[in-house]
2 protein chains.
Amino acid sequence: MEFYKDEPSTLLAVDCIIFGFDGESLQILLIKRGFEPEINNWSLMGGFVQPDESPDEAASRILYKLTGLNDVYMEQSAVFGKPNREKHGRVVSITYFALIDSKEYQHILSEEFKAKWFPIDDYPPLIFDHVEMINTAKRLLRSKAALYPILFELLPEKFTLPQISSLYEAVYDIVIDKRNFNRKLLSSNLLIKLNEKDKENSKKGAFYYVLNKDIYKDQIMSFLRYLPSWSAQDMGI
Amino acid sequence: MEFYKDEPSTLLAVDCIIFGFDGESLQILLIKRGFEPEINNWSLMGGFVQPDESPDEAASRILYKLTGLNDVYMEQSAVFGKPNREKHGRVVSITYFALIDSKEYQHILSEEFKAKWFPIDDYPPLIFDHVEMINTAKRLLRSKAALYPILFELLPEKFTLPQISSLYEAVYDIVIDKRNFNRKLLSSNLLIKLNEKDKENSKKGAFYYVLNKDIYKDQIMSFLRYLPSWSAQDMGI
DNA sequence: ACAAAAGTGTTGTCTTTACACCCATGA
DNA sequence: TCATGGGTGTAAAGACAACACTTTTGT
């Protein structure tokens, strides 16, 4: 630290924005904050970056510690660092966001942790600028999903076509023509049909599919083009 | 600071990645670092975030101090924070990138500052992980430009159609069919034709255009679709 | 038998691509 | 007059958007 010893240093935090999907609607994972200030108020999962870890590692560690969620694909979102964003001192926060299947983790969350899913448009007041963090991440999610097939990260291992289209409808808040959407989806060769049906949501049952990971890996989907008449503005991306 | 007094704090820096375009090819702005360690080695324009400013403000201040560039549209890129990315101590750096017309600022840079433009694919060795920062920003630039018309920020106030297409060719490293590209560009209504020609680059001269800012403001361009046969993978976005 | 969700085809329109020549000018 | 870069049109192929009915099965 010889050279930089006169430079100011800062508290550096991370906050994790976890979106979830249960087959019907989008949710956001929140937790009752476990430390002061603002203890017991709803917030994102956050904590401080330690000297021996990168911010990415800090985000994974903190998410795991607070929710039990492991191996979650998280991406850097924006940095929030206005000098007065926390009243109690200067903290710069790097936000991360992820997309998961909310059903899959339901039991972990409810048994051991205080984290809870809320509908994406109906959650309690949050501390600091966490609402803004969520909105920024939502925008990023939309534009990323316009170029990359990351939305599949939100689906369980096996999923049905109706589930995918509800997911897109939820993320972009639009109505999709299932005929066109399914056709496009199938023609991408990203999906492998299983000989097995999901009977939970209908009497007829919907076939399960799994991702063809080889193709998925670096394929870009431009589903945005195939949604019914709208412009990207409408979707807020 | 009552609550957080036991938390570790970190040196927080910003680094600015300034892409430039001179009508022909893409460049990157670099500077001979003015402080230890690594003084006099080529680097991005960087410095430390001060207690009374946001990282965004720090980036603008530092860019101005080191290059004289003012009022530049900069966006947050990635955060670099591996514990050992600088040998001399733990520094987490938030990177910012911007796009400017390199000709417009040429005189400022050469007269007062030590900053210098280099071709985007041929610049000297850089300190720390600055090469990785540039590559990440390049990728971000490409994907952003796929959804938003930010590339126009790179053009001078008045520009010609051939300039725009060279810009896209430079950013994506592709060859563009000018007939299709121009047609699409014009049909977007984003451009207003002037009665004035640029005669610098050809004998015939190319008409100048200006941006129709009202439309530009929130319009999304999907020019990517109009470039010749390629897939988004090829472009590395 | 009926309610509820899954699944399936066709057509018209628009967008994209491919392709080659003439124009204006300065040297 | 010629060399240089600017500008323009058309046709074929492919993608998109709009549209409604049949299938399956649990109750």
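Quick note on labels: first sequence line is chain A, next is B, and so on, each numbered from 1.
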Atom-to-atom span, NZ of K178(B) to C1' of dG7(D) - whole angstrom
12 Å
Distance, rounded to the nearest Å, where I164(B) contributes CD1 and dG6(D) contributes P
13 Å
Test item: side-chain donor near acceptor, T95(B) and D15(B), under 3.5 Å:
no
For L185(B) and dT15(C), give me the distance from atom CG to atom C1', rounded to whole Å.
16 Å
Going by salt bridge (charged side-chain N to carboxylate O under 4.0 Å, His left out), name the residues that satisfy it together with K158(A), two or more places apart in sequence or in a different chain.
E196(A)
Side chain of A206(B) - closest among dT8(D), dG6(D), dA6(C):
dG6(D)
Global bending angle along the helix from dA1(C)-dT27(D) to dA27(C)-dT1(D), which compares the axes of five pairs at either end, to 10 degrees
0°
To the nearest Å, give me how far apart NZ (K184(A)) and C1' (dT8(C)) are.
17 Å
Per-nucleotide protein contact string for nucleotides 19-27 of chain D, where B marks a base within reach and S marks sugar-phosphate only (heavy atoms under 4.0 Å, - for neither):
BB--BBBB-
Rounded to whole Å, the CG-P distance (D198(B) to dA24(C)) equals 18 Å
CZ of F207(B) versus C1' of dC23(C): gap in Å, rounded?
12 Å
Using only atom types and a distance under 3.5 Å, with no angle test, would you say the side chain of S165(A) pairs donor to acceptor with the backbone of L161(A)?
yes
Just by distance, no angles: are the side chains of D56(A) and Y96(A) close enough, under 3.5 Å, to form a donor-acceptor pair?
yes
Are the side chains of K32(B) and N41(B) in contact, using a 4.5 Å heavy-atom criterion?
no
Take the protein atom OH of Y209(B) and the nucleotide atom P of dG6(D), then report the distance between them rounded to whole Å.
12 Å
Taking only Lys NZ, Arg NE, NH1 and NH2, and the carboxylate oxygens of Asp or Glu, determine whether D101(B) and K103(B) approach each other closer than 4.0 Å.
no
I'd like to know if E169(A) and K178(A) make a salt bridge, using a cut-off of under 4.0 Å between side-chain N and carboxylate O.
yes
Result of checking F19(B), W42(B), Y123(B) against F118(B) for ring-ring contact (aromatic ring centres under 6.0 Å, His included)
W42(B)
So with a 6.0 Å cut-off around NZ of K114(B), is the heavy-atom count from everything else above 12?
no
How many Å lie between CD1 on I174(A) and P on dA17(D), as a whole number?
11 Å
